[in-house]
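Since the structure comes first, as structure tokens, the remarks are kept for the end.
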Protein chains: 4
Amino acid sequence: MDPYRTLREEAFEANLEISRRNLAIYTWGNASAYDPGKAVFAIKPSGVSYDKLTVESMVIVDLEAVVADGSFAPSSDTKTHCVLYRDFSASRGNEIRGITHTHSPYAVAWAQARFPVPVFGTTHADHGAEDIPCTEVMSEEAVSRNYELETGNLIVETFRRTGKNPVHMPMVLVAGHGPFAWGKTAAESIYHAAVLEEVCKMALLTLTVNPHAEALPEHIIRKHWERKHGPNAYYGQK
Amino acid sequence: MDPYRTLREEAFEANLEISRRNLAIYTWGNASAYDPGKAVFAIKPSGVSYDKLTVESMVIVDLEAVVADGSFAPSSDTKTHCVLYRDFSASRGNEIRGITHTHSPYAVAWAQARFPVPVFGTTHADHGAEDIPCTEVMSEEAVSRNYELETGNLIVETFRRTGKNPVHMPMVLVAGHGPFAWGKTAAESIYHAAVLEEVCKMALLTLTVNPHAEALPEHIIRKHWERKHGPNAYYGQK
Amino acid sequence: MDPYRTLREEAFEANLEISRRNLAIYTWGNASAYDPGKAVFAIKPSGVSYDKLTVESMVIVDLEAVVADGSFAPSSDTKTHCVLYRDFSASRGNEIRGITHTHSPYAVAWAQARFPVPVFGTTHADHGAEDIPCTEVMSEEAVSRNYELETGNLIVETFRRTGKNPVHMPMVLVAGHGPFAWGKTAAESIYHAAVLEEVCKMALLTLTVNPHAEALPEHIIRKHWERKHGPNAYYGQK
Amino acid sequence: MDPYRTLREEAFEANLEISRRNLAIYTWGNASAYDPGKAVFAIKPSGVSYDKLTVESMVIVDLEAVVADGSFAPSSDTKTHCVLYRDFSASRGNEIRGITHTHSPYAVAWAQARFPVPVFGTTHADHGAEDIPCTEVMSEEAVSRNYELETGNLIVETFRRTGKNPVHMPMVLVAGHGPFAWGKTAAESIYHAAVLEEVCKMALLTLTVNPHAEALPEHIIRKHWERKHGPNAYYGQK
């Protein structure tokens, strides 16, 4: 009996969603599910296409990126997941238990444009009450040190610098690369990756209609965020 | 036996169409069906995804937003529907019996750009002989008073200010938010929501080809509107 | 036994293709199939959605737009088809035996922008060795006279004015309205309608990448046209 | 028994992928599979639509474009494939064994814009560490000599002029025409054709968000290329 069965199933299901929601083609992208009790996460094997994935093929990795169980090599982005679970989750309450990385085209466009995404509307504000941040481009020194780990550090540093809380802003654009999103479960992380793509598409189309489009005023941003996430939230079922 | 069965079925079917026509992802968007005789409408439960909806889950609400029947909390946008049924329908002949709200990306783009949609062509004129209006951005005072109810008031005020008749212009963009559409039935309201998305897409593409594109002359707008909606309309079957 | 059965089947199949190829939503668009021997054509009934169409519902109309057979009212654009069959086909060799009108979004965008489509590449040149023409906007006087018939006249006049041969240029944009395409069969007319949409999409994207994009030089346009349509054509099977 | 059965199956499968991945409509595009031992390749028959293709219909052609086996006329672009197999493969180690040509809209847009595609991000760098080249427009003299053969020569000349190695840069844009891609197998060539379309889409969207977007710095391009293709590559399974 596999003690990681449930974790693997959760990661497997999230990875399939990347493909079902058209957030990446072929083998691109990866999702993971984190178990704070065991301090490991299940992640997609590297370079395997979505139609070949099985629950068993999910690789179990600890927060130092050491494989704890599994016969495949884990995603080449594994160390980025490690840094985010260590800094965004393990070191502050373990609220984040899933991470998704995709190459969805509109989010990649904003990442390649190296622009944060302004809060143009309530679709955005429903999921985050601030700009979606974009990292700096990684330095040559950091790339040569440990690229995937430094990608995680770059994200962490971006949140520190801009004073953002990853629990409240569950997505980021890595400049020149693409989007990472996270959530309370692997399923929520892929939901946030899909939201990010939709918000990036809407923002690009908004600028096409009106290159001088303005961000929503703060009182509407705040209202939409609060009605879904505030102490008196009233969206959804009790 | 459920006295609201037919109304629920109509609302259920319209909500499913939102998803089938790709006018919103996940739980976003909502549609309702209004019964002027009973002065209630059936609406989507809040935060439930389209693949989980059932006829029974539709919530019956009166025009003061009080739940008359149903075990779920109604859509968080319910009060907006109330205002529109009260002002656009109950107070002037009950012609409007369905409302649909979506987050379809091209309509959202125009709403976020805060621009009315000019009548660039006959696809638009077939469904409305004037610009598709865009509301103002809601004031801080109105947001803090009663956000969803004030969204309805903002729409009503926009129609009053621009002298538009909601029976002739069955759609609107709420600035920084997205589209609302309505019709003689819930099915017609989702049809108008789909038309609005298509017209917004065509208008954006038109501006991409020609940033100085001009609106249709009035005589063609009028002709297309009349052949479908005028006293001597000849489109469709008798 | 229905003497128009084959003609109806041909028109029915072409109309279904409009929907299958996503060239129009709901009831929009229409296709017809012409029989020069009987001097009639079969056309879509007005305002019927694609999923409700049957072979029997296709309406048989003569070149004066008089219904020769069928229990439905024909498409509101029927007189436009009449003019094109009379002028482009009956009066010059009956080569054109199918017409398709759609509201496909990229072709509509160019029609609403009121721009002819330049020959930016070989995809275009494979199907026509010149710009895809765009008509003038119809005058108020013509609209009030006989709108749909004048739409046909506007197309015919555009070809006369620009010296184009409709057998060599099987598509047109009606300014502020949308595309019409034709061919040796109804099936070829819908093929040309799909080509037009694809070429319009490519041309719009080309201008997005390079607003100063230039048309192909004449020697390449000519080569592509000739290898498919010239006396020594060598594309396809013998 | 057909001695070319395996080669035909490989070509057949790659041609079907063009249609499945929406890289061309109707009969457009073509893929081939090369056998260096027999010095022949299997290619799509000319002008046959994807839903009519069979394994048997694939045409076997030698490097002089002479049909070695098969009852159909080969693709009109066959001589372009010949030149690429001769120059890019047979004359330097036979590494390239598959070629795909499509009319996918975003790649065509860049080809029609006549711009090479800058390395805006890691999606691009994962598949090529340099700009995707765009050829010159073919001269009148070359067109009249032997168009399809000269298309191959134009591609070869572009790689020579820019010092590119076709094994490292497996794709090209033919100015005013569209994309060609290749790979170690026919399947890899269609993979590269799909990557090219996705990269061209992302690059166009990037310029829409930021018309002054900059290419990735060389140290990140190099890193992404090396982790997938360098001597110490660590992407994928061993």
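For the numbers below, each heavy atom of this structure counts, side chains included, while hydrogens, waters and symmetry mates do not. Proteins get letters first, then strands, A, B, ... in listed order; numbering begins at 1 in each.
Across B:Q237, B:R222, B:H212, B:H224, the residue that shares the most heavy-atom pairs under 4.5 angstrom with chain C is B:Q237. Counting heavy-atom pairs under 4.5 Å between each of B:V199, B:L216, B:I220, B:T123 and chain C puts B:T123 at the top. Among B:E198, B:E218, B:R21, the residue making the largest number of heavy-atom pairs under 4.5 Å with chain C is B:R21. The candidate from C:T208, C:V48, C:I25 with the greatest count of non-hydrogen atom pairs under 4.5 Å with chain B is C:I25. Among the candidates C:G176, C:G47, C:A111, the residue making the largest number of heavy-atom pairs closer than 4.5 Å to chain B is C:G176.
In terms of heavy-atom proximity, B:G236 sits nearest to C:A73 at O-CB, 4.1 Å. The shortest non-hydrogen separation linking C:V143 to B:H219 is CG2-CD2, 3.6 Å. Summarising the geometry of B:L205 relative to C:A109, their closest heavy-atom pair is CB-CB, 3.5 Å, with the distance given to 0.1 Å. What you find for C:A113 and B:T206 is that their closest heavy atoms are N-CG2, 3.7 Å.
Within a 6.0 Å sphere centred on NZ of C:K79, other residues, nucleotides and ligands contribute 12 heavy atoms or fewer. Around atom NZ of B:K164, more than 12 heavy atoms belonging to other residues, nucleotides or ligands sit under 6.0 Å away. The environment of CD in C:E214 is sparse: at most 12 heavy-atom neighbours from other residues, nucleotides or ligands sit within 6.0 Å.
For C:F72, the parts lying under 4.5 angstrom from a heavy atom of chain B are both the backbone and the side chain. For chain C, the nearby part of B:A215 is the backbone; its heavy atoms alone come within less than 4.5 Å. Only the side chain of C:E148 comes within less than 4.5 Å of a heavy atom of chain B; its backbone N, CA, C and O stay farther away. Proximity to chain B (any heavy atom under 4.5 Å) is shown, for C:S144, by neither the backbone nor the side chain.
Taking the six-membered ring where the residue is Trp, B:Y191 and C:W28 present perpendicular rings, their angle passing 60° and hence far from 30°.
For the pair C:R114 and B:F120, the cation does not sit on the ring face, since its NZ or CZ is not both under 6.0 Å from the ring centre and inside 45° of the axis.
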Notebook entry, point to check: Should C:H103 and B:T122 be marked as a side chain to side chain contact (heavy atoms under 4.5 Å, CB included) after you check the CA-CA gap, both sets of side-chain angles, and the distance that decides it?
Noted result: CA-CA 10 Å; C:H103 282 245; B:T122 63; 4.0 Å; yes

